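Right, one structure below, let's go through it.
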Amino acid sequence: MKEVAEESMKRAAVEENSSSPDNLLTVSGDGTWKTRGHSSLIGVCTVIGAETGKVLDREVLSSFCKGCDSYKGVKFGIKYNKWQRVHKISCRKNYSSSAGKMEVDGMLRIFNRSEKLHNLKYSNYIGDGDTKTFNALSENKPYGDDHLIQKIECVGHVQKRMGRLTDSLIDKLAHYYGNAIRCNSTSVKEMRKAIWAVWGHSCSTDDEPMHWFCPTNPNTWCKYNAAINNNLQNYKHKPSVAKAVRDVIKPVFADLSHPALLKKCLGGKTQNPNEGLNSLIWKFCPKTIGSSLQIAEIAANLATSVFNDGNQILITILEKFGLKINRKITKSKEIELFQEQEGISYDPGAF
């Protein structure tokens, strides 16, 4: 399983590098834990290429080994040292700090081996503010003083900050805020304009229209400006945000439209692929069932292979085991290859 996963990640690295100059990549990183809270004994860290959305590396960490736990004697002296030398070969513990620090240490391991593994540098890191991962990467300087890692904010996590005022209205504003960033991801100025358009439009009334930043083009989503374009004088605003709420959320918009923050959102990058991969890992290794480091590693490698190459990679895995492939499966794979080479030749009503 490890062999197939490593082959898959090598192909993904070559593909990712083909669209990134000077072997400097933008990647998204994330950590996930076997159990909720800060007491998990197993965690997985992953790095995914921003362009291809494929896994480039993963690290599985375990702070528990059943073999170590089963040793009941005193943990010092000649007898213990002799046991430890023998047990070290099969020990399943590869991590000694807290569960909360797993993402930090796992990501450091991944970044520190990227040049040896793929001859690549992960120069831009898409992450959230949940851990001290980026701070640790900045201090560690895996590529030396000449290649400092830059932080890029995950648009999805920035959008969630808008939701700190829990209300259906705020959920809607958070959605519009996220769209404002994604639809204007090449310009900080346009992002800010679109964000304040959300605030002004939502707070507008017939007595106090505030559509200064709303689009004025013929296809504008702003019905007020559309009415002006069509010389309609009797436009009536729908019930808007109450003035008290408007005053409360304005500072939130000010904070979340700060140029320093929006600059980190250029490109509209997210950690969504990492979260999808995390779900796949725990699908193969359910959180409701206890497991060892070995099982978690198998799940992470299987998830990596399927995430990168689809379910057809399972045939490759079976072949690695030396198992014979059913002729029907082989024929199906052959038909898929023909369709990929020829394109769609028949589709009801398509031509």
Side-chain angles (χ1 to χ4, degrees), residues 1-10 13 29-47 55-120 122 131-133 136-137 139-143 277-278 280-305 307 317 320-322:
M1 209 69 80
K2 181 180 178 182
E3 188 177 326
V4 173
E6 288 179 347
E7 289 171 356
S8 176
M9 291 187 294
K10 284 180 181 178
D30 196 21
T32 181
W33 287 262
K34 174 73 174 170
T35 56
R36 296 181 183 278
H38 299 288
S39 59
S40 182
L41 302 175
I42 292 177
V44 183
C45 294
T46 58
V47 159
V55 188
L56 304 179
D57 201 358
R58 78 278 172 263
E59 180 74 11
V60 183
L61 301 161
S62 174
S63 58
F64 175 77
C65 171
K66 194 170 183 179
C68 293
D69 197 52
S70 66
Y71 186 86
K72 301 303 181 183
V74 292
K75 296 187 177 180
F76 61 86
I78 298 174
K79 183 180 177 182
Y80 176 69
N81 291 338
K82 183 179 178 180
W83 174 87
Q84 201 172 41
R85 283 195 297 270
V86 175
H87 174 69
K88 189 177 181 180
I89 301 171
S90 58
C91 184
R92 297 301 179 191
K93 181 177 179 178
N94 65 355
Y95 184 72
S96 300
S97 297
S98 67
K101 198 167 176 280
M102 279 183 173
E103 182 177 332
V104 176
D105 291 343
M107 212 59 69
L108 281 172
R109 294 184 190 184
I110 288 174
F111 272 70
N112 281 321
R113 67 180 178 230
S114 71
E115 290 183 283
K116 182 178 180 180
L117 187 65
H118 297 311
N119 192 30
L120 298 172
Y122 305 148
T131 67
K132 297 179 179 178
T133 302
L137 291 171
E139 292 170 8
N140 185 263
K141 298 180 182 178
Y143 311 125
L277 175 62
N278 294 346
L280 191 57
I281 292 171
W282 303 125
K283 178 182 178 182
F284 294 134
C285 180
K287 293 189 175 187
T288 54
I289 301 173
S291 63
S292 65
L293 171 64
Q294 187 176 33
I295 297 299
E297 285 179 335
I298 291 172
N301 287 327
L302 178 56
T304 292
S305 301
F307 191 86
I317 292 171
K320 291 283 185 183
F321 284 130

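Reckoned from all heavy atoms, side chains included, excluding hydrogens, waters and symmetry mates. Residue numbers start at 1 and run along the sequence shown. From a predicted model like this one, the values you see are computed outputs, not experimental measurements.
- The side-chain heavy atoms of R58 and N301, taken from C-beta on, include a pair separated by under 4.5 Å.
- L120 contributes atom CG, which lies 7.5 Å from atom CG of L56 (distance to the nearest 0.5 angstrom).
- A heavy-atom distance below 4.5 Å is found between the side chains of S90 and H87.
- Considering all non-hydrogen atoms of both residues, W33 and A99 come closest at NE1-O, 2.8 Å.
- Partners of E7 by salt bridge (Lys or Arg N to Asp or Glu O under 4.0 Å), not counting sequence neighbours, listed by chain and number: K320.
- Counting only heavy atoms from C-beta outward, the side chains of K82 and R85 approach each other to under 4.5 Å.
- The shortest non-hydrogen separation linking N94 to V60 is ND2-O, 2.9 Å.
- Under the 3.5 Å distance criterion, the side-chain polar atoms of K66 are left unmatched by any main-chain donor or acceptor of R92.
- Using a distance-only test at 3.5 Å, with no hydrogens or angles considered, no donor-acceptor pair links the side chain of K34 to the main chain of S292.
- Of the possible donor and acceptor atoms, none in the side chain of S8 sits under 3.5 Å from a partner among the backbone N and O of V4.
- Proximity of V47 to M107: side-chain heavy atoms (C-beta onward) are separated by under 4.5 Å at one or more points.
- Between L280 and A303, the closest heavy-atom pair is CD2-O, 3.5 Å.
- Side chains of F284 and I298 form no contact here, defined as non-hydrogen atoms less than 4.5 Å apart.
- Counting all heavy atoms, side chain and backbone alike, I317 lies closest to M1 at CD1-SD, 3.6 Å.
- Atom OG of S62 is separated from atom CD1 of I295 by 12.0 Å, given to the nearest 0.5 angstrom.
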*List the steps, then state whether side-chain contact (heavy atoms from CB on, under 4.5 Å) holds for E103 with D30.*
CA-CA 7 Å; E103 182 177 332; D30 196 21; 4.1 Å; yes
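- Among residues two or more places apart in sequence or in another chain, the salt bridge (Lys or Arg N to Asp or Glu O under 4.0 Å) test is passed with E59 by R109, R113.
- Q294 CD to C285 SG: the interatomic distance, rounded to the nearest 0.5 Å, is 11.5 Å.
- N112 contributes a side-chain N or O that, together with a main-chain N or O of L108, makes up a donor-acceptor pair within less than 3.5 Å.
- Rounded to the nearest 0.5 angstrom, E3 CD and E6 CD are separated by 8.0 Å.
- Each ring-ring contact (aromatic ring centres under 6.0 Å, His included) pair with one or both residues in residues 91-114, not counting sequence neighbours, appears once here: F111-Y122, F111-Y125.
- With a 4.5 Å cut-off on side-chain heavy atoms, M102 and S40 do not count as touching.
- Summarising the geometry, atom CG belonging to N140 is positioned 12.0 Å from atom OG1 belonging to T133; distances are rounded to the nearest 0.5 Å.
- The two residues L137 and P142 come nearest to each other via the heavy atoms O-CD, 3.5 Å.
- Looking at every heavy atom in both residues, W83 comes nearest to G67 through CZ2-O, 3.6 Å.
- Going from atom CD1 of I42 over to atom NZ of K287 covers 12.0 Å, rounded to the nearest 0.5 Å.
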